Amino acid sequence: MRNERLEAYLAKLIHELAEINQEIFSSGEYKDFLSLCNNDISILASLEDYPGETAKQISVRLNLPKTTVVTAVSRLVKRGYIKREQNSQDGREQLLLLTDLGKRVNKEHEQYEKYFMESLMNLFQEEDYETLADILERSRVCSISKLS
């Protein structure tokens, strides 16, 4: 069943989010981060939190096919975001670490998310935060299992 009022508000929200993104993108502050896809960003963030992971461990943590992770890691190594080191305990394994560039790009991503989140939260009144959280928790898009 369609709800025209809800659809109109959601359309307005989408436009507001696009404007926030456009403002952020046009600032030029996030040029390195913006050249990456979602999987690349997730891999960099994972290595920030868990330095020295293997591609297999990242694959499990991010619930991505190992071939996807291996391909992305190779691309990120070529671009200078990640470096590989042999595991001293198991020479067959390669441990993955962020380079200084990878750390900087990950910080850009964190700053982008923080700025975007603050801008998004400013669209709503503080007394509505819990109600919005309840609605999003019940939604198929934002189920709590995806957030943990």
Side-chain angles (χ1 to χ4, degrees), residues 2-3 6-7 9-124 129-148:
R2 292 187 59 170
N3 184 314
L6 176 59
E7 288 178 11
Y9 281 122
L10 289 174
K12 176 70 174 152
L13 178 60
I14 289 168
H15 290 284
E16 291 287 336
L17 297 176
E19 285 181 26
I20 292 168
N21 254 344
Q22 184 60 41
E23 179 185 317
I24 293 170
F25 295 168
S26 64
S27 74
E29 290 181 50
Y30 306 102
K31 62 184 179 314
D32 290 322
F33 149 67
L34 292 174
S35 70
L36 300 174
C37 69
N38 286 339
N39 287 342
D40 294 346
I41 293 163
S42 296
I43 290 168
L44 294 179
S46 182
L47 288 173
E48 179 79 32
D49 294 337
Y50 303 94
E53 278 194 318
T54 64
K56 182 179 180 180
Q57 290 168 322
I58 293 171
S59 170
V60 170
R61 179 179 312 289
L62 300 179
N63 196 27
L64 293 171
K66 187 176 176 196
T67 55
T68 300
V69 172
V70 169
T71 301
V73 165
S74 293
R75 183 176 54 251
L76 292 167
V77 167
K78 282 182 188 173
R79 293 178 70 184
Y81 297 115
I82 293 176
K83 61 183 175 182
R84 294 180 173 114
E85 288 187 4
Q86 286 298 117
N87 184 342
S88 60
Q89 297 170 341
D90 182 350
R92 297 171 297 166
E93 267 188 344
Q94 290 188 334
L95 306 179
L96 304 171
L97 300 161
L98 293 179
T99 62
D100 289 341
L101 176 59
K103 290 176 184 175
R104 191 184 84 223
V105 169
N106 197 55
K107 289 277 185 257
E108 277 185 19
H109 173 248
E110 289 172 358
Q111 290 170 344
Y112 162 81
E113 276 191 351
K114 182 179 179 190
Y115 182 81
F116 188 88
M117 189 61 63
E118 288 172 359
S119 299
L120 177 60
M121 296 294 282
N122 286 335
L123 296 176
F124 302 99
Y129 289 172
E130 287 302 314
T131 302
L132 283 166
D134 290 342
I135 291 168
L136 291 172
E137 185 176 7
R138 289 190 312 268
S139 76
R140 281 185 271 165
V141 175
C142 298
S143 68
I144 197 69
S145 63
K146 288 188 178 195
L147 297 176
S148 43

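Computed from a prediction, not measured in an experiment: that's the story for all the values here.
- Around CG of D134, the count of heavy atoms belonging to other residues, nucleotides or ligands within 6.0 Å exceeds 12.
- Distance CG/N3 to CG/L10: 9.0 Å, rounded to 0.5 Å.
- Annotation for D49: atom CG counts as buried by contact number, over 12 foreign heavy atoms lying within 6.0 Å.
- Atoms OG1 and CZ, on T54 and R61 in that order, are 10.0 Å from each other to the nearest 0.5 Å.
- N122 contributes a side-chain N or O that, together with a main-chain N or O of E118, makes up a donor-acceptor pair within less than 3.5 Å.
- Between the side chain of S59 and the backbone N or O of A55, no donor-acceptor pair lies under 3.5 Å.
- To the nearest 0.5 Å, atoms CG (L98) and CD1 (I82) are separated by 6.5 Å.
- Between S74 and R84, the side chains place a donor N or O and an acceptor N or O closer than 3.5 Å (distance only, hydrogens not considered).
- Residue-environment remark: CZ (F124) exceeds the threshold of 12 foreign heavy atoms within 6.0 Å.
- Residues E85 and Q94 form no side-chain contact, since every pair of their non-hydrogen atoms from C-beta on lies 4.5 Å or further apart.
- Within the model, atoms CG of L36 and OG of S42 stand 10.5 Å from one another, a figure rounded to the nearest 0.5 Å.
- Contact between R92 and Q86 at its shortest, heavy atoms only, is N-NE2, 4.4 Å.
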Donor-acceptor contacts, no H, no angles, side chain residues 11-22, under 3.5 Å, sequence neighbours left out:
from, atom 1, to, atom 2, distance (Å)
K12, NZ, E16, OE2, 3.0
N21, OD1, Y112, OH, 2.5

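- Judged as a ring-ring contact (aromatic ring centres under 6.0 Å, His included), the pairs with a partner in residues 64-110 (not counting sequence neighbours) are, in order, F33-H109.
- Across every non-hydrogen atom of G52 and L97, the tightest pair is N-CD2, 3.4 Å.
- Here the CG-NZ distance, from L47 to K83, works out to 11.5 Å after rounding to the nearest 0.5 Å.
- Just one residue in the list V69, L76, I58, I43 forms a side chain to side chain contact (heavy atoms under 4.5 Å, CB included) with L96, and that residue is I58.
- In this structure, the side chains of R79 and S35 come closer than 4.5 Å at one or more pairs of heavy atoms.
- Separating the CD atom in Q57 from the NZ atom in K66 is a distance of 10.5 Å, to the nearest 0.5 Å.
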